[in-house]
Protein chains: 2
Amino acid sequence: MAEILAVATQEFAAGGLSGARIDAIADATRTSKRMIYYYFGSKEGLYLAVLEESYRSVRLTEGELHLADLPPEEALARLVGFTFDHHWNSQDYIRIVMSENIQRGEYLAQSKIIQKLNVPAINAIRELYERGVADGLFRAGLDAIDIHASISALCFFNVSNQYTFDLIFKRDGSSPKALKTRRANIIEMILRYVRK
Amino acid sequence: MAEILAVATQEFAAGGLSGARIDAIADATRTSKRMIYYYFGSKEGLYLAVLEESYRSVRLTEGELHLADLPPEEALARLVGFTFDHHWNSQDYIRIVMSENIQRGEYLAQSKIIQKLNVPAINAIRELYERGVADGLFRAGLDAIDIHASISALCFFNVSNQYTFDLIFKRDGSSPKALKTRRANIIEMILRYVRK
DNA sequence: CGCGGAATGGACCAACCAGTACATCCGCGT
DNA sequence: ACGCGGATGTACTGGTTGGTCCATTCCGCG
């Protein structure tokens, strides 16, 4: 089961829902196509399972970053840096989210599980942002979801559009040096956005 | 020909390369499948044509914004606002770029045309940024491509991930009010990034 | 031991779908 | 009128692919 999900995640990430082949998934596992249907019922059932598992696996484990122990600016910098790294290391997840958006989110909308799991990152942002405002460091009136949207956008795009972006600008955004620079710039951008 | 491309753009945008159906495209045009193969040779040939046409159609028409007539900050705000609107109004293009990135850019890499067309937005950014630095308004040392990456990321994500984002946060990012707010915030973010 | 339900293997099928064969037609130059 | 090359309609095909049928095996339990 776990093996099927792992292989299916790769396959769906590589080709999207329509590009993935059940036979290919079956061949790459030690089980058979028969078993995939036995457990997941249909290709779409498998896709939904992969989608749910992907979202579950990338949840920020709250507290793990110990943001509460840090002053607001450092906490935010750490959160953004972590998000950047996390996205870069979860490329399959990024691709699955992309393909789900191409399907206009119709499978995510079906999932009862995912819509329940709130996003811990929002709470983390809200908490440190409010501390920052209280300390007189951050400007008031900003929305935690909006800040999260910006962090996600910058970190997500860095992975999701790397191929077309690199081709057009003839650069290599995946080199350690480029990643380091981009990472620092994104952190700087978010900090400047919330600072007074 | 133009009709085929228009219909094919929609179809590929809706389902990606593998999700699109040649029969569906043929049925939606006044021509037949036979003609699609006559003109484009293969499904992939058609996809490449759509890809190239998409990139061509979204090129910023330089000068059209009259950025040179505006002070640096206003010029930048205008460029970002325009990019935001432009992306929002080119959702098919966004989807095709997404699906091309899912294919790891292999078709864009084949295109001889696209790699030649430099992106005018970069020149516009560089020009107004340098003016801003000269005027003492912007901080020095920033890279035009990096600024462009941020603008693109923020504007692109707003379209590309709208379905999953809205579902998870139970909001409606496509309402006029939400769009207006988000647009203003993105402009503010970019301005704060370049200001001294 | 033997029963019952879960797990599995492997051949099979029906629909789908990219791509083609063949014949025809249109329009233009001579 | 005629020839010729580009354009077009129709029917077809061969491979692919999601999904299933039937039969068998495995395993826990009374």
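Labels below follow one simple rule: chain letters A, B, ... track the order of the sequence lines, proteins then strands, and each chain is numbered from 1. Note that the structure is a prediction, hence the values are computed from the model and not measured.
A nucleotide of DNA chain C counts as in contact with chain B when one of its atoms lies under 4.0 Å from a heavy atom; the first and last such, 5' to 3', are C:dC17 to C:dC22.
In this structure, A:Phe82 and A:His86 have parallel ring planes: the angle between them is below the 30° cut-off, well short of the 60° mark.
Taking atom CG on B:Asp27 and atom P on D:dT10, their separation rounds to 12 Å, with Å as the unit. One interatomic measurement links the two molecules: CZ of B:Arg30 to C1' of D:dG9, which rounds to 17 Å at whole-angstrom precision. Taking atom CE of residue A:Met35 and atom C1' of nucleotide D:dT24, one finds them 13 Å apart after rounding to whole Å. Between the P atom of D:dG19 and the NZ atom of A:Lys33 lies a distance of 9 Å, rounded to the nearest Å. Atom OH of B:Tyr37 is separated from atom P of D:dG9 by 16 Å (rounded to the nearest Å). If you take OH of A:Tyr38 and P of D:dC22, they are 17 Å apart, rounded to a whole angstrom.
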Ring pair (Phe, Tyr, Trp, His ring centres under 6.0 Å) assessment of A:Phe157 paired with B:Phe157: CA-CA 7 Å; A:Phe157 185 90; B:Phe157 186 90; 9.3 Å; no

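Residue A:Arg21 places at least one side-chain N or O closer than 4.0 Å to OP1 or OP2 of D:dG18.
Taking the six-membered ring wherever Trp is involved, the centroid distance between the rings of B:Tyr55 and B:Tyr93 falls below 6.0 Å.
Contact detail for B:His148 and B:Ile122: the closest heavy-atom pair is CB-CD1, 3.5 Å. The two residues B:Arg21 and B:Glu11 make their nearest non-hydrogen contact at N-OE2, 3.0 Å.
Annotation: cation-pi pair A:Arg139/A:Tyr193 present, NZ/CZ under 6.0 Å from the ring centroid and within 45° of its normal.
Nearest-nucleotide assignment on DNA chain D puts the 5′-proximal partner with A:Ser18, out of A:Arg34 and A:Ser18. Both A:Ser32 and B:Glu44 lie close to DNA chain C; mapped to their nearest nucleotides by heavy-atom distance, the more 5′-ward contact belongs to A:Ser32.
Contacts of B:Ala20 with the nucleic acid, taken as non-hydrogen atoms under 4.0 Å apart, involve only primed sugar atoms and P, OP1 or OP2. Counting any heavy atom pair closer than 4.0 Å across all strands shown, A:Phe40 reaches no nucleic acid atom. Using a 4.0 Å heavy-atom cutoff across all strands shown, A:Ser42 reaches sugar-phosphate atoms only and no base atom.
Side chain of B:Asn101 to backbone of A:Tyr163: a donor-acceptor contact under 3.5 angstrom is found.
Using a 4.0 Å cut-off between charged nitrogen and carboxylate oxygen, A:Asp85 and A:Arg183 count as a salt-bridge pair.
In this structure, the helix from C:dC1-D:dG30 to C:dT30-D:dA1 shows an angle of 0° between the axis at its start and the axis at its end, each fitted on 5 base pairs and rounded to 10°.
Side-chain contact check for B:Phe12 versus B:Leu46: some heavy-atom pair is nearer than 4.5 Å.
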